[in-house]
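Given the structure is predicted, the values throughout are model-derived calculations rather than measurements. Hydrogens, waters and symmetry mates play no part in the numbers below; they use all other heavy atoms, side chains included.
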Amino acid sequence: MTNTTAVRTSAYRDLSRLMSLMTGDEKHGPAATSTLDALWVLYDRVLRVTPETVDAPDRDRFLLSKGHGPMAYYAVLAAHGFFDEELLAGFGSYGSPLGHHPDRLLVPGAEIGSGSLGHGLPLAVGSALGLRAQGMTGPRVWVLTGDAELDEGSNHEAIAYAGPAGLEQLHAVVIDNASATYGRPGGIEERFATAGWSVASVDGRDHEALYAAFTAPHPGQPRAVVARVAPKR
């Protein structure tokens, strides 16, 4: 099922303007812009969560593990009405809810506080397990991580557990902008596939390819989509 109820207040073409309102963290600009298209497709066409349903038990959960470059995340949330775009200009300033790392207690729609590498995927595994334990099979759990984050051992433990556990509600989006320190035999896709995940690799700027990969059936398996991108500068 796709998201048909979100109230969009801005279009994709407005994201550059929304991103330009946030200054002071330019060193993480490539980390942010590399996630922009995947985030847009998720919030615009896939995730079943809206500004009105951020606390609904049956909502989809989206966890931004790649939280050290949250500007694209904030722009997409503002574009979909989770908060007023006027907040973007205060990004990272004293008293602003929009910090250099997202805070789930301050940012409407944020499920976790993130930014420290390697935390999001294990938290997503736990969220999927919690939903299953409650018999809630409808809500899906999505986590967006970076390729360099996969160098963290906590992620490998999460990957190795989720496949055999058959966590069908779990979806990982890996932004591959070639920033990882260590290579993996067979690439990122093979790491997930050998652990029992359903895997796809797509152009991370191609909205239709992303949508198709995000919505493909994967019965009995968690899903990993590797989005290959060259960062915009």
Side-chain angles (χ1 to χ4, degrees), residues 3 31-32 34-49 54 59-70 72-74 76-77 82 101-104 107 109-132 136 138-177 179-180 188-189 191-193 195-202 204 210-211 213-216 218 221-229:
N3 180 359
S34 63
T35 69
L36 193 61
D37 295 276
L39 285 168
W40 178 262
V41 173
L42 282 171
Y43 273 92
D44 198 52
R45 302 172 64 181
V46 178
L47 291 175
R48 294 176 294 192
V49 63
V54 292
R59 73 190 183 281
D60 284 348
R61 277 75 167 164
F62 174 78
L63 283 60
L64 181 69
S65 188
K66 194 178 171 71
H68 53 282
Y73 183 48
Y74 293 157
V76 170
L77 287 176
F82 284 82
H101 291 187
D103 186 327
R104 71 177 185 86
V107 180
E111 294 281 354
I112 61 171
S114 60
S116 298
L117 298 180
H119 290 178
L121 186 53
L123 287 170
V125 169
S127 297
L129 284 171
L131 289 169
R132 187 162 74 176
M136 299 178 65
R140 300 164 300 181
V141 179
W142 292 79
V143 57
L144 187 147
T145 183
D147 58 328
E149 265 194 283
L150 296 185
D151 291 342
E152 301 291 332
S154 55
N155 282 317
H156 290 278
E157 293 179 10
I159 293 168
Y161 178 85
L167 294 182
E168 185 177 338
Q169 290 168 265
L170 177 64
H171 305 74
V173 181
V174 181
I175 303 298
D176 182 8
N177 55 15
S179 62
I188 295 172
E189 299 90 334
R191 176 68 188 90
F192 282 89
W197 290 58
S198 167
V199 183
S201 179
V202 298
L210 286 165
Y211 177 74
F214 291 162
T215 56
H218 49 96
Q221 294 178 290
R223 177 72 165 169
V225 176
V226 180
R228 307 179 309 275
V229 296

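Residues Ala124 and Leu63 share a closest heavy-atom pair of N-CD2, 3.6 Å. Counting all heavy atoms, side chain and backbone alike, Ser201 lies closest to Glu189 at OG-OE2, 2.8 Å. For the residue pair Pro102 and Gly67, the shortest heavy atom distance occurs at CD-O, 3.2 Å. Nearest heavy atoms, Ser154 versus Gly118: OG-O, 2.6 Å. When all heavy atoms of Phe214 and Ala38 are compared, the closest pair comes out as CE1-O, 4.0 Å. Of all heavy-atom pairs spanning Ala200 and Ala213, the tightest one is CB-CB, 4.1 Å.
Under the side chain to side chain contact (heavy atoms under 4.5 Å, CB included) rule, Ser34 has a single partner from Asp147, Asp176, Val229, which is Val229. Screening His218, Gln221, Arg223 for a side-chain hydrogen bond (donor to acceptor under 3.5 Å, both in side chains) with Ser198, the sole residue that qualifies is Arg223.
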- prompt: Which is it for Arg48 and Arg59 under the side chain to side chain contact (heavy atoms under 4.5 Å, CB included) test, yes or no, and what are the steps along the way?
  reply: CA-CA 6 Å; Arg48 294 176 294 192; Arg59 73 190 183 281; over 6 Å; no
- request: Take Lys66 and Thr35 through the test side chain to side chain contact (heavy atoms under 4.5 Å, CB included) and record every step on the way to the result.
  value: CA-CA 9 Å; Lys66 194 178 171 71; Thr35 69; 3.5 Å; yes
message: Run the side chain to side chain contact (heavy atoms under 4.5 Å, CB included) test on Val202 and Val225 for me, step by step, so that the C-alpha distance in whole Å, both residues' side-chain angles and the decisive distance to 0.1 Å come before the verdict.
response: CA-CA 7 Å; Val202 298; Val225 176; 4.0 Å; yes
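Ring pair Tyr43/Tyr73 is tilted by interplanar angle, where 30° to 60° counts as tilted.
For the pair Leu144/Phe62, a side-chain contact is recorded, criterion being any heavy-atom separation below 4.5 Å from C-beta on. Residues Val143 and Leu123 form no side-chain contact, since every pair of their non-hydrogen atoms from C-beta on lies 4.5 Å or further apart. Between Arg45 and Leu210 there is no side-chain heavy-atom pair separated by less than 4.5 Å. Leu121 is not listed as a side-chain neighbour of Thr145, based on a closest heavy-atom distance of 4.5 Å or more. Side chains of Arg61 and Pro139 form a contact here, defined as non-hydrogen atoms less than 4.5 Å apart.
Under the side-chain contact (heavy atoms from CB on, under 4.5 Å) criterion, Ala162 pairs with Val125, Leu167, Leu170, Trp197, Pro222, not counting sequence neighbours.
Judged by distance alone, the side chain of His156 and the main-chain N or O of Leu150 form a donor-acceptor pair under 3.5 Å. With Asn155 contributing its side chain and Glu149 its backbone, the two residues share a donor-acceptor pair below 3.5 Å. With hydrogens and angles ignored, the 3.5 Å screen pairs no side-chain donor or acceptor of Glu157 with any backbone N or O of Pro122.
Note: Trp142 CH2 to Leu39 CG = 12.0 Å, rounded to the nearest 0.5 Å. Note that the NE2 atom of His119 and the CD atom of Glu152 stand 7.5 Å from one another [nearest 0.5 Å]. The structure places CD of Glu111 at 9.0 Å from CZ of Arg104, a figure rounded to the nearest 0.5 Å. The structure places CD of Gln169 at 9.5 Å from CG of Asp60, a figure rounded to the nearest 0.5 Å. Atom CD1 of Ile175 and atom CD1 of Ile188 lie 10.0 Å apart (nearest 0.5 Å).
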